[in-house]
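I have placed the structure first, in the form of structure tokens, so that the comments after it can refer back to it.
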Amino acid sequence: MKNEEKSIDRTNRQLIAVRDVQDALSSGATSIATAANCVVTPSARDLMQQHGIELVMNGSGNLQSNASGAPAAPVASASAGQSTATFRAPNTRLFSTPEAEAIKKEICAVGRKLWLRQFVDGNGGNISYRIGPNEVLCTPTLVSKYDLTPGDISLTDINGVQVAGSKARTSELLLHLEIYKAVPEAKAVVHCHPPHATAYAITGRVPPNLVIPEFEVFVGKVAISPYETPGTKAFAETVLPYVRQHNTVLLSNHGIVCWADTVTHAEWYAEVLETYCWTLMLAQQLGAPISHISEKHGDDLLAIKKTLGLPDIRFDTSRMKECQLSDLEVPSSIALQPTPCDGPPGSPSGADLESLVKSVTDAVMEAIGGK
Ligand SMILES: [Zn+2]
């Protein structure tokens, strides 16, 4: 600790909230003593970081570790450190390698895209990249994604303890970390609140499938996770039943989260889902039934998807019975009842479909080539 200063005693409490931090501030304390298993709310954590208040767990000494000596001291909440997985100590040198510098720029570019497309507002949304087994680059709390600069990005370990960077990491990082721990292929996570996709999320519905080829290939079936308070471990864990077989999840009453091999690709999936939801809503306003791609042609799209290594619950034949191409993850969540798949009026002709499939294949191949 920098000074021999006052600490307020909260060792009899299970939860540290904003009020406790305010008590510490008003009494001139620079640390809060807590019980070993206490949980810190995200807003309390943010306030502690803003004012440099430290958290000292009973018997465990100063919880704040700052291996890089960076000015923003992290606060490790109990909720961030309960993983059973073991990882070696984080390698802080990964924070400033040429690869890290390039990824920080990519994160900023993606942040600006999210803001320009109105997928985030205020300081909403967050982006991360798993640069090592126990090292994650992530965006800071309380910064608009439009204003991000590479110097804003911090480095944390896989449990969320910040080890480098001058700004406090996002309080939503736990969501990203649960995905990284559950899906080894996930290297990047983007969380945002695009309005049309979020409209589905607040009605508890998922969009139907077999309407637009690009959506089938890049996203496919979307799951919807139950609501929990953002920033908590309980919230982060809501996506666990879905993330291995879905690269995009609607978060009930909140927004969406996407994972991919790169930050750029994770943002693409957000764009694809948002545009798809928007298009479905526009089509609904026309009043005519929405036509669907046949399941046979859907199989062609799934075959393309398989070659890309993208996840889709429909690849899991053991679950195909409960989850057919055109049905949904949650039976009560049908947003637009799909019309019969074998030749509804207005279905694209075989030739149209061929050209659609070709255009998707071309786009995909170009994306792979440009990676
Ligand atoms: Zn959010």
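Just so you know, ligand 1 is whichever comes first in the structure, and atom 1 is the first atom listed for that ligand. Values in this document were obtained by computation on a predicted structure and should not be read as measured data.
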> Taking the six-membered ring of Phe95, is NZ or CZ of Lys104 closer than 6.0 Å to its centre and within 45° of its axis?
Replying inline: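 Cation-pi check for Lys104 and Phe95: passes.
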>> On the six-membered ring of Tyr200, is Arg205 placed so that its NZ or CZ lies under 6.0 angstrom from the centre and within 45° of the ring axis?
In response: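 Checked: cation-pi criterion not met.
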> Should Trp278 and Val120 be regarded as members of a common hydrophobic cluster, given that ILVMFWY residues are connected when their side-chain heavy atoms come within less than 4.5 Å of each other, either directly or indirectly?
Replying inline: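 The answer is no; the residues belong to distinct hydrophobic clusters.
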>> Within the supplied structure, the quantity of interest is the number of heavy atoms (other residues, nucleotides, ligands) at a distance under 6.0 Å from Gln118 CD; does it exceed 12?
In response: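 At most 12 heavy atoms, drawn from other residues, nucleotides or ligands, come within 6.0 Å of this atom.
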> Can you count the protein N, O or S atoms that lie less than 2.8 Å from the Zn ion (ligand 1)?
Replying inline: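 With waters ignored, the protein N/O/S count below 2.8 Å is 3.
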>> Ring centres under 6.0 Å, that's the criterion: do Tyr276 and His196 meet it?
In response: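 Centroid distance Tyr276-His196: not below 6.0 Å, so no.
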> Looking at the rings of His176 and His191, which for Trp means the six-membered one, are their centres under 6.0 Å apart?
Replying inline: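 Here the rings of His191 and His176 have centres that are no less than 6.0 Å from each other.
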